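Letters A, B, ... mirror the listed sequences (proteins, then strands); counts begin at 1. Predicted model, so just to flag it, every value in this text is computed and none were measured.
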Protein chains: 2
Amino acid sequence: MVIASARDLGLAVRQARQDRGRTQSEVAAAARVSRRWLSDLEAGKPSAEFGLILRTLDAVGLGLDAFPVEPAPEGLDLDTLFEDGRG
Amino acid sequence: MVIASARDLGLAVRQARQDRGRTQSEVAAAARVSRRWLSDLEAGKPSAEFGLILRTLDAVGLGLDAFPVEPAPEGLDLDTLFEDGRG
DNA sequence: CGTGGTGGTGCACGAACGTGCACATTCACT
DNA sequence: AGTGAATGTGCACGTTCGTGCACCACCACG
């Protein structure tokens, strides 16, 4: 799943957690974060610390990958990549 | 590139930035973060806020992806996962 | 109905953040 | 040597984090 926002991250974490049938308390303990914080994270908290996020992802069985995104070489409009528009 | 630590993230950001021939000041301005913070991020700061990280990744042309990780039942060799193909 | 489990949230607290500035270092070029 | 750009880093400041606790609503179960 592509993570483009804090909300995306929250949803991914919640999804993974529920897929594994784990409660917030269990995951929070495994990741060594507070349940209070985990609840906020799943709600899409953008100010969460990256270190805690990494531990949490690990606790719910998710890995993170960074991939290059085409920067639209100058003069090229993104829309032209999909000539029929992007609805 | 797989991001398993704050250091990995820092390296990925720096790599992407340099690949595009951009300075810290330029990227910091584009991501609306301080150069001070970006310098720390590239050095592997684990306490960086996720929201700022997302803006920075965007500024250097990187996307983020979350993928499920097998819990690795003990005694399982990773290679066997690919030899017969898990799916 | 009462009980237990789960998740959301307001509060106060200490700790750490991100920022801006200033300065040092390193490097390329002249 | 001199110049300028790029980067690292110490400091002080105001802001915000993450935590722990308490309490709430919701839901399934008997």
Side-chain angles (χ1 to χ4, degrees), chain A residues 1 3-64 66-69 71-74, chain B residues 1 3-69 71:
Chain A
M1 174 185 183
I3 307 294
S5 68
R7 185 160 294 272
D8 291 345
L9 178 69
L11 292 178
V13 167
R14 171 162 292 174
Q15 190 72 54
R17 177 176 65 82
Q18 292 178 341
D19 284 352
R20 302 198 165 207
R22 303 212 157 269
T23 67
Q24 286 187 350
S25 291
E26 288 170 334
V27 168
R32 282 135 41 212
V33 301
S34 65
R35 189 181 72 82
R36 185 70 177 79
W37 178 87
L38 180 57
S39 178
D40 284 344
L41 179 74
E42 291 190 353
K45 188 182 185 97
S47 57
E49 292 185 11
F50 189 64
L52 304 189
I53 291 174
L54 278 181
R55 297 216 301 262
T56 303
L57 288 174
D58 198 49
V60 297
L62 285 181
L64 218 45
F67 58 93
V69 173
E74 11 202 326
Chain B
M1 174 184 184
I3 307 295
S5 69
R7 185 159 293 273
D8 291 344
L9 178 69
L11 292 178
V13 167
R14 171 163 294 174
Q15 190 72 53
R17 177 175 65 81
Q18 291 179 341
D19 283 353
R20 301 195 167 210
R22 303 215 158 269
T23 68
Q24 285 186 350
S25 291
E26 289 170 334
V27 169
R32 283 139 33 216
V33 301
S34 65
R35 189 182 71 80
R36 186 69 177 79
W37 178 88
L38 181 56
S39 178
D40 283 345
L41 179 74
E42 291 189 354
K45 187 181 186 97
S47 58
E49 292 186 10
F50 188 65
L52 304 189
I53 291 175
L54 278 182
R55 297 217 300 262
T56 303
L57 287 174
D58 197 49
V60 297
L62 285 180
L64 218 47
D65 178 77
F67 59 92
V69 173

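The side chain of B:Ser39 contributes no N or O atom lying less than 4.0 Å from OP1 or OP2 of D:dT7. Remark: B:Arg36 is not in phosphate contact with D:dC13, judged by side-chain N or O atoms under 4.0 Å from OP1 or OP2. The shortest distance between the side-chain N/O atoms of B:Gln24 and the OP1/OP2 oxygens of D:dG8 is below 4.0 Å. Put simply, B:Arg14 has a side-chain N or O that comes within less than 4.0 Å of OP1 or OP2 on D:dG8. The phosphate of C:dT6 has neither OP1 nor OP2 within less than 4.0 Å of any side-chain N or O from A:Thr23. In this model, the phosphate group of D:dA6 is not approached by any side-chain N or O of B:Gln18 to a distance below 4.0 Å at OP1 or OP2. Between A:Arg17 and the phosphate of C:dT6, there is no side-chain N or O to OP1/OP2 separation shorter than 4.0 Å.
Between B:Trp37 atom CH2 and D:dC13 atom C1' there is a gap of 20 Å when expressed in whole angstrom units. Residue B:Glu42 contributes atom CD, which lies 14 Å from atom P of D:dA6 at whole-angstrom precision. Distance, A:Lys45 NZ to D:dT16 P: 11 Å, rounded to whole Å. At whole-Å resolution of the value, CG in B:Leu41 and C1' in D:dT9 are 16 Å apart. When the C1' atom of C:dG18 is taken as reference, atom CG of B:Leu38 falls 12 Å away, rounded to whole Å. Regarding B:Arg22, its CZ atom lies at a distance of 12 Å from the P atom of D:dT7, rounded to whole Å. Atom CZ in B:Phe50 sits about 17 Å away from atom C1' in C:dC17, given to the nearest Å. What separates CG of B:Leu52 from C1' of C:dA16 is a distance of 14 Å, to the nearest Å.
Atom-to-atom distance recorded for A:Glu42:CD and A:Arg17:CZ is 4.0 Å, nearest 0.5 angstrom. Here B:Leu11 contributes atom CG and B:Ser5 contributes atom OG; the two are 7.5 Å apart, rounded to the nearest 0.5 Å.
Partner of A:Leu41 under the side-chain contact (heavy atoms from CB on, under 4.5 Å) criterion, chosen from A:Val33, A:Val27, A:Ile53: A:Ile53.
The backbone N or O of A:Arg35 lies less than 3.5 Å from no partner atom in the side chain of A:Ser39, so there is not a single donor-acceptor pair. B:Arg22 places no side-chain N or O within 3.5 Å of a backbone atom of B:Val60 that could act as its donor or acceptor partner.
B:Ala43 comes within contact range of no nucleotide atom at all, as no heavy-atom separation falls under 4.0 Å.
DNA chain C is contacted by both B:Arg35 and B:Glu49; B:Glu49 maps to the nucleotide lying nearer its 5′ end (nearest heavy atom per residue).
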